[in-house]
Amino acid sequence: MIDIRYLRSEPDTVRGLMARRNKPELLGLLDEALGFDSRMRDITAERDAIRQQVNELSKQVGTLRRNGDDKAAEGLQAESRSLGDKEQTLAAETDEVTAKLKDVLLRLPNIPHADVVVGTDDSQNPTITGPMNLPASFPEHQRVAHWDTATALGILDNERAVKISGAMFTMQRGAGATLARALCQYALDSNADAFEEIRPPSLVSTATLTATGQLPKFADDAYSMSKDDLWCIPTAEAPLTSIHAGEVLAEADLPIRYMAHSSCYRREAGSAGRDTRGMLRSHEFDKVEIFSIATPEGAPAMLIELITRVERVIANLGLPYRIIEICTGDMGQSHHRSFDIEVYAPGCDAWLEVSSISWFSDYQARRGDIRMKRTGQKGTEFAHTLNASALAVPRVWAAIMENFRQEDGSVAIPAVLHPYMRGTTVIHAK
RNA sequence: GGAAGGGUGCCAGAGUGGACGAAUGGAACGGUCUCGAAAACCGUCAGGGGUGCAAGCCUCUCGGGGGUUCAAAUCCCCCCCCUUCCGCCA
């Protein structure tokens with residue numbers, strides 16, 4: 001959520017920053033929020049004034065009763081009772097307007113950082129690093145789609161995955177399955193120097209998915225279990241963020257660094273039929289996420305740290321990659337500033353998004369009520385959250401199949417993964 | 001899933017309708033004392049919302065939500081969570 005007090009005190013600044021997202025309807029939402037807020041404060045003030053009178057009368061009733069003056073007490077009770085009726089009407093209206101305001105605020109996206117490049121869509125995302133490791137040209141034997149290579153090697157069996165679960169599910173076998181797991185282990189080990197490993201729940205509550213921003217607006221994208229009011233996590237970001245929901249953290253304990261490997265579940269409601277072959281898009285995939293809660297002033301440095309860490313993980317695999325910044329028109333709902341790392345896949349002839357590194361400012365913290373207390377100061381403020389996919393398995397797996405395919409159709413495994421491959425350094429057909 | 005007992009501030013813990021946003025103890029922080037520390041003593045010590053230049057004032061919050069009442073931590077209802085026992089189970 002954005003800060004309603006910020007919007008209230010500097011509406012034009014917020015309008016200006018939000019306009020950079022190039023979504024005109026957002027300005028209407030801002031005005032709606034301002035309207036509800038103004039109304040809410042008016043009736044709250046009125047309601048509280050009546051409550052004050054009721055509280056005072058009740059105190060007097062108590063005193064009169066104790067002194068045995070029941071007749072006077074009854075008079076005051078009657079007076080208080082009629083005030084109570086008025087209070088109830090106002091309270092009902094307050095609740096209604098508050099709910100409306102909250103609904104608008106939950107749907108409003110985050111305010112982009114002032115340095116984010118303005119654009120309308122992903123075609124305007126600037127490349128800020130690279131391309132790195134990109135050869136001038138690729139030999140023919142690398143111009144083969146990973147699904148063909150992997151199916152021929154017997155390490156990808158999507159046909160049976162579809163039989164088991166339906167369209168857009170994948171299944172790796174043998175060295176292919178080992179490779180998927182090796183990538184996770186490698187990504188975790190690469191960040192274990194500073195990040196505490198977490199094994200969070202994969203099924204989470206509505207509140208948890210609301211904190212990170214998936215709900216209420218993107219409910220169709222998530223799998224839900226209506227019997228139990230639980231949701232399958234689309235990313236470990238959700239449970240990691242809510243670890244400290246409702247807590248007040250000491251400034252001295254920040255930044256907090258967590259990492260987690262999890263399966264991720266996505267309905268891909270808007271993209272049925274797209275990227276249906278191979279490993280580019282599926283309903284269930286594995287990912288290692290790195291996550292941090294930082295102070296507002298510590299957040300920019302943490303963003304750099306996350307980018308640096310993810311870049312190192314990808315670069316050490318030897319894959320061609322580039323880093324792009326997400327422009328205002330392409331930014332996600334919760335993002336304050338965001339970067340993607342893409343790897344090049346010569347077989348598909350496409351840049352594949354394999355990691356997203358994001359700074360959420362206090363947007364998620366406000367939704368999840370994650371606060372911090374400054375050393376030696378009174379009061380609290382919202383912390384900042386940031387996260388990055390350290391490694392999303394399927395597309396990296398696919399890029400390895402295409403970049404390291406050899407003339408005989410086998411695939412060489414990057415050296416950094418060898419420790420996790422049970423001795424396999426090249427995947428040959430069985 | 002069934003039964004019983006619980007959920008109060010940073011922690012422990014009192015509070016069963018009115019003087020309670022909450023006794024008492026501990027912790028923490030500030031101070032006095034001290035060369036310094038300990039002890040002792042004094043003080044501070046919840047968060048949200050509204051309002052105000054500010055000091056302050058008002059309001060809400062005792063797991064969550066509803067209800068009864070002039071008045072609820074306290075009475076009633078629903079839900080959640082924790083503990084123990086039983087059942088089931090990898």
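What's counted below: heavy atoms across the whole structure, side chains too, no hydrogens, waters or symmetry copies.
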**Request:** Would you mind reading off the distance between Met1(A) atom CE and rG48(B) atom P, rounded to a whole angstrom?
**Result:**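 It is 14 Å, rounded to the nearest whole Å.
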
**Message:** What is the separation between atom CG on Leu83(A) and atom C1' on rU69(B), rounded to the nearest whole Å?
**Reply:**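 Taking CG of Leu83(A) and C1' of rU69(B), I get 15 Å after rounding.
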
What nucleic acid atoms does [X] come within less than 4.0 Å of, heavy atoms only: base, sugar-phosphate, or nothing?
{"X": "Gly379(A)", "result": "sugar-phosphate"}
{"X": "Thr63(A)", "result": "nothing"}
{"X": "Arg66(A)", "result": "base"}

**Asked** Taking the same atom, C1', in rU24(B) and in rA72(B), what whole-Å distance lies between them?
**Response** 23 Å

**Asked** The side chain of Ser80(A) lies closest to which of these nucleotides: rG47(B), rC70(B), rG50(B)?
**Response** rC70(B)

**Asked** Choosing from rG48(B), rG50(B), rG18(B), which nucleotide comes nearest the side chain of Thr380(A)?
**Response**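 Nearest to the side-chain atoms of Thr380(A), counting from C-beta on, is rG48(B).
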
**Request:** Going by the side-chain hydrogen bond (donor to acceptor under 3.5 Å, both in side chains) test, name the single residue among Ser361(A), Ser358(A), Ser334(A) that passes it with Asn110(A).
**Result:** Ser361(A)

**Message:** Between Arg371(A) and rG47(B), is there a contact of a side-chain N or O with OP1 or OP2 at under 4.0 Å?
**Reply:** no

**Prompt:** Which letters describe nucleotides 56-67 of chain B, given B = protein heavy atom under 4.0 Å from base, S = only from sugar-phosphate, - = neither?
**Reply:** --SSS-------

**Request:** Run through Arg367(A), Arg366(A), Arg371(A) and flag the one making a salt bridge (charged side-chain N to carboxylate O under 4.0 Å, His left out) with Asp369(A).
**Result:**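 It is Arg371(A); the other options fail the test.
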
